[in-house]
There are 2 protein chains.
Amino acid sequence: MTQKRADVEKTGETDRSALPATGWAVLGLLSFGDELSGYDLKKWSDRSLRFFYWSPSFSQIYGELKRLEKAGYVSARSVAQETGHRDKRVYVITDEGMAAVRHWAREAPVEPPVLKHGVMLRLWLGHLLEADRMREVLGRHREYAETMRQRAETDGADTRAGEAGAPPSLVAKWSQRYYAAERDLADAMLADLTELAELTDRDERGGRRT
Amino acid sequence: MTQKRADVEKTGETDRSALPATGWAVLGLLSFGDELSGYDLKKWSDRSLRFFYWSPSFSQIYGELKRLEKAGYVSARSVAQETGHRDKRVYVITDEGMAAVRHWAREAPVEPPVLKHGVMLRLWLGHLLEADRMREVLGRHREYAETMRQRAETDGADTRAGEAGAPPSLVAKWSQRYYAAERDLADAMLADLTELAELTDRDERGGRRT
DNA sequence: TTGCCCATGTAATTTGTTACATGATTTA
DNA sequence: TAAATCATGTAACAAATTACATGGGCAA
């Protein structure tokens, strides 16, 4: 029950290479080389990061960009829009930024995956639920997983920005398989539920209890 | 790109049935009927919730318990310890608490799962990594998944507190399968990596480029 | 003429973490 | 005698969300 203690010495200096994971994620998007606005980054993260690492909100992306700029990892410029649109602020990764992400990707310890599975949280409370509600929730989740799988498939090409017809990246492939597995897991649980119902049914008929 | 807007009317009243998911998780633990301390809850959540819904920190559990008590969903009493230990504060769910979780489990909309997969975040940055680092990270993740699978198996009996030899709950089964799938997904990616290396190798020998 | 898309950002709030304080008991 | 376990809690901070402000263009 040890409360984790960071093994960082507490010198008064702020570690400039320290960023929250979201910061690395945003810098990672930029590391593919394009000059992008906060808005672009949000859209792109919705069709890439989203499948394996949640997509940050607009305000967070804007915040991270500011932090990255201050750290010297990205540089920004304003571009005027053709039509009456508001000016756009676009960002590119700097050499220092590139070196920093590379270093992070190669050296930083990998945190274990975080899973917050709302569906299972409900089903875990099975003693408070009717079987029908369980089936309903599971059915919906099955559809969600299948939809995500399809999206991972179609958006997979986007992972390498631009490059049309590029082969799906390893992670894009992983995502497709992950959501396929999630769908199959839902099916398996649905089957478990049916089996359980049959057992109960038989027991009731026979007047037995296990 | 719609910024989500809660469909709750903004009457000045605070909705007493509103709780963060963590609050429901803690109340859920208590809904199994035992009288437990914050410390107990943390330990138990580490071997149940953890597998499908992250385990809150001590301080959070203590905070949530306070909130639940204020809402009337749990009641607390202090019990003296035999030996010199500090007094223990134990909690039981109230009837209102029971009604509230039940209602939540049955009616509340189910949020989609949240996944933050640090491992994939690294591998997604494959253009900055050597194949060896990728293998290393994946190998470690494979071991992590296998360990979690085993723990889900052994801790599964704990899901229904007490009841020795109780059959594994649906969710315990799901967790075991989930981590087995996670392990297999790592193996599949490792295989993809090998295949990719072979292709590159062949191309280099033949002097071709695809 | 309603509502969505583009576009950027601030403010307020909530959620969650780590560090720290305290202290007795048991185990290696 | 060092460490881990039991036990509860506060304070400071970090991370992330929602709400809000602003405003033009475009499609149904």
Side-chain angles (χ1 to χ4, degrees), chain A residues 1-10 14-15 18-26 36-46 49 53-69 76-91 111-112 114 116, chain B residues 1-10 14-15 18-26 36-46 49 53-67 69 76-91 111-112 114 116 118:
Chain A
M1 224 54 41
T2 332
Q3 206 90 328
K4 224 178 290 169
R5 183 176 298 267
D7 49 357
V8 187
E9 277 100 280
K10 281 170 290 180
T14 321
D15 189 351
L19 279 183
T22 308
W24 295 116
V26 172
L36 297 164
S37 69
Y39 200 85
D40 295 333
L41 284 163
K42 169 61 175 166
K43 273 187 307 170
W44 191 24
S45 101
D46 280 348
L49 277 178
Y53 200 90
W54 129 104
S55 193
S57 64
F58 277 111
S59 60
Q60 224 189 321
I61 287 180
Y62 290 123
E64 290 300 340
L65 284 172
K66 223 173 240 181
R67 167 155 34 192
L68 291 171
E69 202 184 352
R77 65 188 185 94
S78 280
V79 289
Q81 302 288 83
E82 325 85 64
T83 62
H85 279 299
R86 186 198 277 202
D87 272 12
K88 209 183 196 175
R89 205 170 163 73
V90 287
Y91 297 83
E111 336 65 73
V114 173
K116 286 195 176 191
Chain B
M1 224 54 39
T2 331
Q3 205 91 329
K4 224 178 290 168
R5 184 176 297 268
D7 49 356
V8 188
E9 277 100 281
K10 282 171 290 181
T14 321
D15 188 352
L19 279 183
T22 307
W24 295 116
V26 172
L36 297 165
S37 67
Y39 201 85
D40 296 333
L41 284 163
K42 169 62 175 166
K43 272 187 308 170
W44 191 24
S45 100
D46 279 349
L49 277 180
Y53 199 91
W54 130 104
S55 193
S57 64
F58 277 110
S59 59
Q60 222 188 331
I61 287 180
Y62 290 122
E64 290 299 339
L65 284 171
K66 223 173 239 181
R67 166 155 36 191
E69 200 183 356
R77 66 190 183 93
S78 280
V79 290
Q81 303 286 85
E82 327 84 65
T83 63
H85 279 299
R86 188 198 277 205
D87 273 12
K88 207 183 198 174
R89 205 171 163 71
V90 287
Y91 296 84
E111 337 63 75
V114 173
K116 286 194 177 192

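In what follows, chains carry the letters A, B, and so on, assigned in the order in which the sequence lines appear, proteins first and then strands, with residues in each chain numbered from 1. In what follows, every heavy atom counts, from backbone to side chain, and hydrogens, waters and symmetry copies are set aside.
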Supply the atom-to-atom distance A/Gln60 CD to A/Trp54 CH2, rounded to the nearest 0.5 angstrom. 5.0 Å
Rounded to whole Å, the CZ-P distance (A/Phe58 to C/dA7) equals 10 Å
Below 4.0 angstrom from OP1 or OP2 of C/dT10, is there any side-chain N or O of A/Lys66? yes
Take the protein atom CG of A/Leu36 and the nucleotide atom P of C/dC6, then report the distance between them rounded to whole Å. 15 Å
In whole angstrom, give the distance that lies between atom CG of A/Leu65 and atom P of C/dG9. 9 Å
For DNA chain D, what is the dot-bracket line, given that a base pair needs Watson-Crick (N1 to N3, plus N6-O4 or O6-N4) or G-U wobble (N1-O2 and O6-N3) geometry with both distances under 3.5 Å, and | means paired with another strand? ||||||||||||||||||||||||||||
Give a yes/no on whether any side-chain N or O of A/Tyr62 is located under 4.0 angstrom from OP1 or OP2 of C/dG9. no
Write down the protein N/O and nucleotide N/O pairs, taken from nucleotides 13-17 of chain D, whose separation is under 3.5 Å; answer none if there are no such pairs.
| from | atom 1 | to | atom 2 | distance (Å) |
| --- | --- | --- | --- | --- |
| D/dA16 | OP1 | B/Lys116 | NZ | 2.6 |
| D/dA16 | OP2 | A/Thr22 | OG1 | 2.9 |
| D/dA16 | OP2 | A/Gln60 | NE2 | 3.3 |
| D/dT17 | OP1 | A/Trp54 | NE1 | 2.6 |
| D/dT17 | OP2 | A/Ser57 | OG | 3.2 |
| D/dT17 | OP2 | A/Gln60 | OE1 | 3.4 |

Taking atom OH of B/Tyr62 and atom OG of B/Ser57, what is their separation to the nearest 0.5 Å? 10.5 Å
Expressed as a whole number of angstroms, how long is the span from B/Ile61:CD1 to D/dA7:C1'? 13 Å
So which heavy atom on A/Leu19 is nearest to which on A/Trp24, and how close? O-NE1, 3.3 Å
Just the rounded figure in Å: distance from C1' of C/dT8 to NZ of A/Lys88. 12 Å
Could you tell me if the side chain of A/Asp40 sits less than 4.5 Å from the side chain of A/Lys88, heavy atoms only? yes
Specify the closest pair of heavy atoms between A/Ala76 and A/Arg89, including all atoms of both residues, with the distance to one decimal. CB-NH2, 3.6 Å
From NZ of B/Lys43 across to P of D/dA7 the rounded distance in Å is 7 Å
Working to the nearest 0.5 Å, report the span between OH of B/Tyr53 and OG1 of B/Thr22. 5.5 Å
Worked check of side-chain contact (heavy atoms from CB on, under 4.5 Å) between B/Tyr39 and B/Ile61: CA-CA 9 Å; B/Tyr39 201 85; B/Ile61 287 180; over 6 Å; no
Take the protein atom CZ of A/Arg89 and the nucleotide atom C1' of C/dC6, then report the distance between them rounded to whole Å. 18 Å
With sequence neighbours left out, what residues match B/Glu64 under side-chain hydrogen bond (donor to acceptor under 3.5 Å, both in side chains)? B/Arg67
Are the side chain of B/Asp46 and the backbone of B/Lys43 linked by a donor-acceptor contact shorter than 3.5 Å? no
Interatomic distance, B/Asp40 CG vs D/dA7 P [rounded to whole Å]: 7 Å
